K.L.:
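I have a structure I would like to understand better, so I am pasting it below and will then ask my questions one at a time.
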Amino acid sequence: MPELPEVETTRRGLLPALKNRHIIDVVVRDARLRWPVEADFASHLRGQLVVDVDRRAKYLLVKLQEGFAVWHLGMSGSLRIVPSHVPARLHDHVDLVLNDGKTLRFNDPRRFGCVFWTDDPLRHKLLRSLGPEPLNDEFHVSYLAAKAKGRSVAIKQFIMNANIVVGVGNIYASEALFHAGIRPRRAAGRIKRDELAKLVKSIKKVLSAAIKQGGTTLRDYVNTDGAPGYFRQKLFVYERVNEPCRVCKTSIVQLTQGQRSTYYCPVCQR
DNA sequence: AAAGACACCTGGGAGC
DNA sequence: TGCTCCCAGGTGTCTT
């Protein structure tokens, strides 16, 4: 499910619900996530005050007085705030019970997500070599051009590589390439500088617009209130194979890159 | 170092 | 109805 806009939407929902609350209990119903929930996870969190909720790439950083609870939603994970008396449902794997009668509840059918405690998330193995945030000023055309130089990998897979830039997943990679007018299979190293400049702008624009709409719900993504995101209506190519391009009416084409579906308009993108 | 394949897992939809 | 197959918002790890 979640790319950067969905994770950011989740962060914004969590912040007012978690900040300045105490975690009075932790329930781990199923520790078998992508990486098993560690045995001492609950004891690290129990009794702690939540100080802030931040985000790095697609990781949510729940800042505690001592260390952080770091969450990744994987493909199908979601975090909701529910009244603590609501019974857990299928795939509700982890709860943080708060001192205000509410519970932060993690649901993840495919169990590709993970959660762990750490005292220094940015130096953690999973986060330390991540590229820049796409919405920050450090992500600019000169940076991208330097990284792309000499690379033969397809531009779509290149911008989905979190070591290059974080947060661009399968939906927004196709969408950003459409808006930049670039075909997804072109080698990253052969994209001209002015095209890369357009691509940087498109990535920023698409992600910002999606955040404004609360993200994209295709199947099971919901925000912390259980509501879907509404950016799906604004998609130009993703999951629109054989439908007319919203700009030129040409049929949208689907292909496979790196075992993922890619969508593009053969006329608008060159 | 870079590129590509594969792995993890469940559920929903299509086709028979 | 029920089976099989394919596909899905991610990304670490292994092989070439």
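Treat the numbers as computed from the prediction; the structure is a model and nothing was measured. In what follows, every chain begins at residue 1, and chains take the letters A, B, ... in the order their sequences are listed.
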K.L.:
In whole Å, I'd like the distance from the CH2 atom of A:W35 to the C1' atom of B:dC9.
P.N.:
14 Å
K.L.:
Tell me what A:R111 touches on the nucleic acid: a base, only sugar-phosphate, or nothing, going by heavy atoms under 4.0 Å.
P.N.:
sugar-phosphate
K.L.:
With nearest nucleotides of DNA chain B determined for A:R34 and A:L90 from heavy-atom distances, which residue corresponds to the more 5′ nucleotide?
P.N.:
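It is A:R34, whose closest nucleotide lies nearer the 5' terminus.
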K.L.:
By the 4.0 Å heavy-atom rule, please label A:F158 as base, sugar-phosphate, or nothing.
P.N.:
nothing
K.L.:
Just the rounded figure in Å: distance from P of B:dA3 to CG of A:N163.
P.N.:
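Distance check: A:N163 CG to B:dA3 P gives 12 Å.
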K.L.:
Can A:F112 be said to stack with the base of B:dC8, given centres closer than 5.5 angstrom and planes under 30 degrees apart?
P.N.:
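Base of B:dC8: stacked against A:F112.
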K.L.:
Where does the angle between the aromatic ring planes of A:H44 and A:W117 fall among parallel (under 30°), tilted (30 to 60°) and perpendicular (over 60°)?
P.N.:
parallel
K.L.:
In whole angstroms, how far is the P atom of C:dC7 from the CD atom of A:Q259?
P.N.:
11 Å
K.L.:
Quick one: stems for DNA chain B, with Watson-Crick or G-U pairs under 3.5 Å, at least three in a row?
P.N.:
B:2-8 with C:10-16, B:10-16 with C:2-8
K.L.:
Report which part of the nucleic acid A:G258 touches: base, sugar-phosphate, or nothing (heavy-atom distance under 4.0 Å, all strands).
P.N.:
nothing
K.L.:
Just how far, in rounded Å, is P of B:dA3 from CD1 of A:I164?
P.N.:
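Roughly 9 Å, once rounded to whole Å.
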K.L.:
Can you check the A:Q157 CD to C:dT11 C1' distance for me, whole Å?
P.N.:
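One finds 13 Å between C1' of C:dT11 and CD of A:Q157, rounded.
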K.L.:
Figure out the CZ/P separation between A:R89 and B:dT10, and round it to whole Å.
P.N.:
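That distance rounds to 19 Å.
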K.L.:
A:H124 has an atom NE2; how far is it from atom P of C:dT11, in whole Å?
P.N.:
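For the pair A:H124 NE2 and C:dT11 P, the rounded distance is 14 Å.
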K.L.:
Need one value for A:L4: base, sugar-phosphate or nothing, where a base atom within 4.0 Å counts as base even if backbone is also close, heavy atoms only.
P.N.:
nothing
K.L.:
Taking any heavy-atom pair under 4.0 Å as a contact, classify A:R260: base, sugar-phosphate, or nothing.
P.N.:
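Answer is base: heavy atoms of A:R260 come under 4.0 Å of a base.
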